[in-house]
Peer 1: 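Dumping the structure here so I can ask a few things about it.
Here the structure is a predicted model, which means the values were calculated and not measured. Start at 1 and go down the list; that is how both ligands and their atoms are numbered. These numbers come from the heavy atoms of this one structure, side chains and all, not from hydrogens, waters or symmetry mates.
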Amino acid sequence: AEKQEEETRPVAPLVPGNDTGRPLVELTHVEKHFGDLHVLKDINLTVNKGEVLVVVGPSGSGKSTMCRTINRLETIDSGDIRIDGKALPQEGRELANLRAEVGMVFQSFNLFANKTILDNVTLAPIKVRHMDRKEAEKLAMDLLARVGVDSQANKMPSQLSGGQQQRVAIARALAMRPKVMLFDEPTSALDPEMVNEVLDVMVELAHEGMTMICVTHEMGFARKAADRIVFMANGQILEENTPDEFFDHPKTERAKDFLSKIL
Ligand code: ADP
Ligand code: MG
């Protein structure tokens, strides 16, 4: 029955609803080690539906690891992570379904190099969502148009600029109709002139109500798009505040020091 529902789902809504009344993402007392390295220390974080959370902090502070735990690309040692009230599944089909609900865009444009732009976007909806090809292509073209690269649909990834590839990566993640989008420094590998075309897509997505967790050093974007800023250092969340409060009145020395270097 569940499969039937998936197949007949209409193409339109970009932002799925949640009716649980709980935060969409909840991390409670999350701990993680890499060998002797204590990389996540008692991480407590909630993200509500429609909220845009920006995570900042020095390199090596655990930002990427935290993101990766949310769709279980990394396991945790202890604590609890829930998406829309549900604990993360351990494996198998349930884990695949969870990953489909959590879209992720990385620093490197990890498109499938030997597939066209269109195929990059249709692959997962067909394989995981069992969408028929025609419907998947319609959805893909709609999403490629939203991010401004529909004219590139039949090209190979290597024929696109980095900024275009990253926008395709966003469209590809959106094609699974994720409940939340994770961005891990999506503009860090881009040539400077391409940064804004990607940030603009992210701002638009935020305005459309997508729930987003964004690790970024783009402080202009953070000010403009974030509902909340989380500052991480050395595996801990040291500050959590509105953008204005965080940027204008950082509370900790670590945050003051970080901001003095980056702004
Ligand atoms: P950030 O994204 O804030 O730069 P990361 O989460 O990538 O930080 O890394 C946090 C720390 O964990 C770093 O010291 C990094 O070297 C280490 N680390 C990250 N991934 C691994 C791994 N797979 N194995 C061992 N150490 C890792
Ligand atoms: Mg990182």
Side-chain angles (χ1 to χ4, degrees), residues 25-47 52-81 83 88 90-91 95 99 102-111 162-163 165-166 169-170 173 178 180-192 194-195 198-199 202 212-223 225-226 228-241 243 246-247 250-263:
V25 180
E26 295 172 278
L27 283 75
T28 314
H29 300 309
V30 169
E31 300 279 348
K32 167 87 182 167
H33 292 76
F34 286 120
D36 290 339
L37 182 69
H38 197 174
V39 64
L40 297 178
K41 300 172 182 165
D42 193 25
I43 298 292
N44 294 283
L45 187 69
T46 62
V47 188
V52 177
L53 185 80
V54 168
V55 181
V56 302
S59 175
S61 54
K63 305 181 299 294
S64 293
T65 304
M66 183 177 80
C67 277
R68 292 164 58 82
T69 65
I70 295 173
N71 62 2
R72 220 167 183 283
L73 287 172
E74 295 286 356
T75 55
I76 59 175
D77 299 339
S78 60
D80 186 54
I81 301 179
I83 306 289
L88 297 194
Q90 301 296 303
E91 58 189 12
L95 181 57
R99 292 210 172 118
V102 181
M104 187 143 187
V105 177
F106 302 88
Q107 180 175 338
S108 54
F109 336 114
N110 51 343
L111 299 178
Q165 288 187 51
Q166 203 57 316
I170 294 172
V180 53
M181 285 282 287
L182 306 177
F183 293 90
D184 189 2
E185 300 199 31
T187 62
S188 296
L190 294 177
D191 292 333
M194 292 169 191
V195 166
V198 173
L199 293 178
M202 292 168 66
M212 296 166 52
I213 300 176
C214 314
V215 179
T216 181
H217 297 300
E218 293 294 333
M219 296 301 151
F221 167 82
R223 269 224 199 235
R228 254 188 308 144
I229 307 271
V230 160
F231 174 70
M232 277 185 83
N234 194 25
Q236 288 175 296
I237 294 178
L238 292 186
E239 300 201 24
E240 193 177 336
N241 223 326
F246 176 71
F247 288 117
K251 288 177 291 200
T252 60
E253 286 308 316
R254 290 298 297 271
K256 284 176 196 170
D257 180 55
F258 172 76
L259 287 171
S260 74
K261 286 173 181 152
I262 205 161
L263 289 179

Peer 1: Using a distance threshold of 2.8 Å, state whether an N, O or S atom of Q107 lies below it from the Mg ion (ligand 2).
Peer 2: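 Not a single backbone or side-chain N, O or S atom of Q107 is under 2.8 Å from the Mg ion (ligand 2).
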Peer 1: Could you find the nearest protein heavy atom to atom 21 (C) of ligand 1 and give me its residue, atom name and distance?
Peer 2: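 Of every protein heavy atom, F34 CE1, 3.3 Å lies nearest to atom 21 (C) of ligand 1.
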Peer 1: Out of all atoms in ligand 1, which are within 4.0 Å of some heavy atom of P58? Include the element for each.
Peer 2: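 Those atoms are 3 (O).
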Peer 1: In the protein, what heavy atom is nearest to atom 11 (C) of ligand 1, and what distance, to one decimal place, separates them?
Peer 2: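 So the nearest neighbour among protein heavy atoms is V39 CG2, 3.6 Å.
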Peer 1: Has R223 got a side-chain atom pairing as donor or acceptor with P243's backbone, closer than 3.5 angstrom?
Peer 2: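 No, R223 side chain to P243 backbone: no donor-acceptor pair under 3.5 Å.
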Peer 1: Where the side chain of Q166 meets the backbone of P186, is there a donor-acceptor pair that is under 3.5 Å apart?
Peer 2: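 Yes; at least one donor-acceptor contact below 3.5 Å.
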Peer 1: Give the residue, atom name and distance (to 0.1 Å) of the protein heavy atom nearest atom 7 (O) of ligand 1.
Peer 2: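 Protein heavy atom with the smallest distance to atom 7 (O) of ligand 1: S64 CB, 3.6 Å.
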Peer 1: Considering all protein heavy atoms, does one lie under 4.0 Å from atom 5 (P) of ligand 1?
Peer 2: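 Looking at atom 5 (P) of ligand 1, one finds that a protein heavy atom does lie closer than 4.0 Å.
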Peer 1: With sequence neighbours excluded, tell me which residues meet ring pair (Phe, Tyr, Trp, His ring centres under 6.0 Å) with F183.
Peer 2: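 Per chain and number, F183 pairs via ring pair (Phe, Tyr, Trp, His ring centres under 6.0 Å) with no residue.
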Peer 1: Under 3.5 Å, is there a donor-acceptor pair between the side chain of R72 and the main chain of E91?
Peer 2: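 No.
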Peer 1: Any heavy atom of G60 sitting closer than 4.0 Å to ligand 1?
Peer 2: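 Judged by the 4.0 Å heavy-atom criterion, G60 does count as contacting ligand 1.
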Peer 1: Angle class for the F231/F258 ring planes (parallel below 30°, perpendicular above 60°, tilted otherwise)?
Peer 2: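 If you compare the ring of F231 with that of F258, the planes turn out tilted.
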Peer 1: Give me the residue, atom name and distance of the protein heavy atom closest to atom 8 (O) of ligand 1.
Peer 2: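 For this ligand atom, the closest protein heavy atom is G62 N, 3.1 Å.
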Peer 1: Is there a donor-acceptor pair under 3.5 Å between the side chain of H217 and the backbone N or O of M219?
Peer 2: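 Not at all, since once roles are kept as given, no pair shorter than 3.5 Å links the two residues.
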Peer 1: Looking at T65, which atoms of ligand 1 are within less than 4.0 Å of one of its heavy atoms?
Peer 2: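 Answer for ligand 1: 5 (P), 6 (O), 9 (O).
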Peer 1: Say whether E74, considering both its backbone and side-chain N or O atoms, lies within less than 3.5 Å of an N or O atom on ligand 1.
Peer 2: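 Checking ligand 1 against E74, no N or O pair falls under 3.5 Å apart.
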Peer 1: Would you say E31's side chain and D42's backbone share a donor-acceptor pair under 3.5 angstrom?
Peer 2: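 Side chain of E31 to backbone of D42, a donor-acceptor pair under 3.5 Å: yes, one is there.
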Peer 1: Could you tell me whether the side chain of K63 and the main chain of G57 form a donor-acceptor pair under 3.5 Å?
Peer 2: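 Such a contact is found between K63 side chain and G57 backbone.
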Peer 1: Which atoms from ligand 1 have a heavy atom of S61 less than 4.0 Å away?
Peer 2: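 Listed by number with element, the hits are 1 (P), 3 (O), 8 (O).
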Peer 1: Considering heavy atoms of the protein only, find what lies nearest to atom 16 (O) of ligand 1 and give residue, atom and distance to 0.1 Å.
Peer 2: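 Residue, atom and distance for the closest contact: L37 CD2, 4.8 Å.
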